[in-house]
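Okay, so here's the structure we're looking at.
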Amino acid sequence: MMTKGNKCDHPFVGWIAILVIALVGLLGLYHFRDPDKLAILGASGLVSMGIVGTWRWSWLGFQVVRSRFYQHWVFPQWRRQANAIPVEELPQMVFVIPTFKEQEWITDRVFRAIAREVKTLARPTIILVNSSGDAENQFIREVLESENLDWNSTQLIQMTQKDGKRKAMADALRELAKMNLPEDTVVALMDGDSELTPGTLRGCLPFFRMFPKMGALTTDELPIVQGSYLFSEWFHLRLSQRHYQMCSLSLSHKVLCLTGRFSLFRSEAALHPTFADRLEVDTLDDWLWGRFKFLSGDDKSTWYWLLERGYDMLYIPDVIVYSIETISGSLMQRAYNNMRRWYGNMLRNSDRAIALGPGKMGGFIWYCLLDQRISIWTALVTPSLLLLALIRGQWLIFGILCAWILFSRPLILAIIFWGRPSHLKPVHLLLLLSSQWSSAAIKVWTQMNLAQQKWANRGNQSISAAGTGVEKFFKTKTSSFLMYSQIVAFVVVLLTIAGLINPTQDIADLWWRSRQVASTPVQILEASEYGVIPNDDRDDSAALQALLDRASNTTPIQVNLPLGELDLQTPITIRRSHVNLKGVGIDRTVLQARFDLQTRDSILKISPAKPDDTSLEDIQINGFTICYSESDSQSFQNGIVIERVDRASLKNLDFENTLERAIVLQDTQDVTVEYVAMNRRPLEATQIVKNNAVNTQISSISLPKSTSRESS
């Protein structure tokens, strides 16, 4: 299957479908607009759709404004000036084309297009081809001769590759440097699978007259893909993203890549000896891998050479070159290999480019390079929170995040496809999400394995700087350690965002508790040994209250509640610090409230005995179910009340029936509410009342269906 220009009988169908998806997302967000529903997002919502979202969307908006300004205001003025330059005044043109065993139909299309473009020029042209061998060279000559070129003004030079594409290009440039070409000559470096469209040279060459400081330019691209519909649409998506980004960058007279598909260079740069040397052998000195050569990424090497020397670079948005791809075998493997190569080249060059500083290249371009590194992790925030919500069964959070994705991603697609020859289709939404998230994951691995290189499209070449023996073991293990350390750090940040952990509080609590354990041992009290007998249909509240009251206030205690049902004729009050009231587990230890509901304001209360007493410290309540009559539940003002307490945790608790206010926090600090449910469902925001509650961490979950107490 071949696609060219993404033909579609009804191009507006795709736009309508994408806008419908965005509308569905917007309706979802409208449905979740209730503050009580949004409150469940907590810090995750604040970061994912708040701080990070505002930052990323602001940056996207800034890029879009720059891109549109360049396309619709700045460049049209340049184009009018460029078109006014007579063809006789355009510089001489030289083509350098490394090609290696391309299919004949591709070679035929590529060189016929070159021949037709050469005919539009007034000055002599050189076509230098460095191919795989005599047979390919002969076929190329026959194609060019069939186009009736004027061989008095066109010179064909044919060479044979020896050691790969980089050396082939370098050898070609060194050959041209011997020819004493005019100073204003322009050199095209292009691949053997790139097809020029009519007017390419006439549209590009005038800019070398208009901008004396411009060292190179590159153009827009469209894919021609044989063999895979999905791969074709993925390329249309990628090249549409590239288009708006390059327009924004070009406003600063810089780009982030001079694509190897087709870029034009001023001869003073391309024919400089160090340019060919850098193109042939480009190396990176890495603290872990040492010095290693670049296998691919010749377009990044030429870009860095110009950037280092302060040349300007431009993007010509109204000139299109077709990038021809043939796909066979595994689509996923081909996409993975491409992304690994692309992102490896990007990461290998970005560090050294960033090191040049904003003064050398300009603040905007410098920040764009820095943003490439930051976006590796920010792109993973939303999918990670989505996965976390799915694993934990938090369907409300999952729904909110899905609504946000369905609303925001179609808007991004609309932005990047607006005004493009490529047609927007619903499949681009799936491709956008999968490529954004998978590319971020690939970059995480690649940034710690810069020396591991593979070029599947060029004979499955690969190189590694890991070495052998002990050296290889040290380098690979260090790389793995650093990669997993970054992943663990990201997970810790993610869990903190989601409110599942609070590292600052947890570390402080751990330190404080270790100090307490070291200074004073915890006294373990088995409640059943002090008259708290389960399942005897007798009041257990008096014995439990007496146990809590008579223990020393200075000694940390852990009161272990027995397995079974405990009858409470009166509420339980904790009036001392350093208490851990611990049950056997939800549905295994059950506190059954049986007192006069009209005269009591809570089932369990933690508060100092007197109003002028100091705050209580270090209270832990965990591992049981609280029951009460369903008909009387609305009579309760509160379930558990915590007043004037520093450092407390409520974990693994379940309120069996509906309660208006399950937990009340009054004048508290550093309280954690974790895995607390009501009737097996997460607590609603209104069921946790906070008054002057500082640094409260809440993470409630749904629980599995209740098991019978008899079987427990």
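For clarity, every value in this text was computed on a predicted model and none was experimentally measured.
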Task: Those residues that, when tested against Tyr336, pass side chain to side chain donor-acceptor pair (under 3.5 Å) (two or more places apart) - done: none

Task: By ring pair (Phe, Tyr, Trp, His ring centres under 6.0 Å) - contacts of Tyr70 (at least two apart) - done: Phe75, Trp78

- [ ] Kindly write out the residues that satisfy salt bridge (Lys or Arg N to Asp or Glu O under 4.0 Å) with Glu142, not counting sequence neighbours, or none if the list is empty.
- [x] none

Output a table of donor-acceptor pairs, distance under 3.5 Å, between side-chain atoms of residues 83-98 and any protein atom two or more places apart or on a different chain; print 'none' if there are none.
| from | atom 1 | to | atom 2 | distance (Å) |
| --- | --- | --- | --- | --- |
| Asn83 | ND2 | Arg79 | O | 3.4 |

Open item on the list: Holding to side chain to side chain donor-acceptor pair (under 3.5 Å), I want the full list of residues that pass it with Ser350, two or more places apart in sequence or in another chain.
Closed with: Arg373

Task: For Trp366, all residues meeting ring pair (Phe, Tyr, Trp, His ring centres under 6.0 Å), sequence neighbours excluded - done: none

Task: Residue pairs fulfilling salt bridge (charged side-chain N to carboxylate O under 4.0 Å, His left out) with at least one residue in residues 250-270, sequence neighbours excluded - done: Asp193-Arg261, Lys254-Asp312, Arg261-Glu325

- [ ] List for me each residue that meets salt bridge (Lys or Arg N to Asp or Glu O under 4.0 Å) alongside Arg66, sequence neighbours excluded, and say none if there are none.
- [x] none

TODO: Please name all residues satisfying side chain to side chain donor-acceptor pair (under 3.5 Å) with Asp220, sequence neighbours left out, ordered by chain then number.
DONE: Tyr315, Arg420

TODO: Mind checking ring pair (Phe, Tyr, Trp, His ring centres under 6.0 Å) for Trp305 and listing every partner two or more places apart, or none if nothing turns up?
DONE: His272, Phe275

- [ ] Among residues two or more places apart or on two chains, list those pairs meeting side-chain hydrogen bond (donor to acceptor under 3.5 Å, both in side chains) that have a residue in residues 197-210.
- [x] Asp184-Arg209, Thr197-Thr200

TODO: Using the ring-ring contact (aromatic ring centres under 6.0 Å, His included) rule, collect all pairs that involve residues 135-161, keeping only residues at least two apart or in two chains.
DONE: none

TODO: Check His243, His428, His423 against Phe417 for a ring pair (Phe, Tyr, Trp, His ring centres under 6.0 Å) and give me the one that passes.
DONE: His428

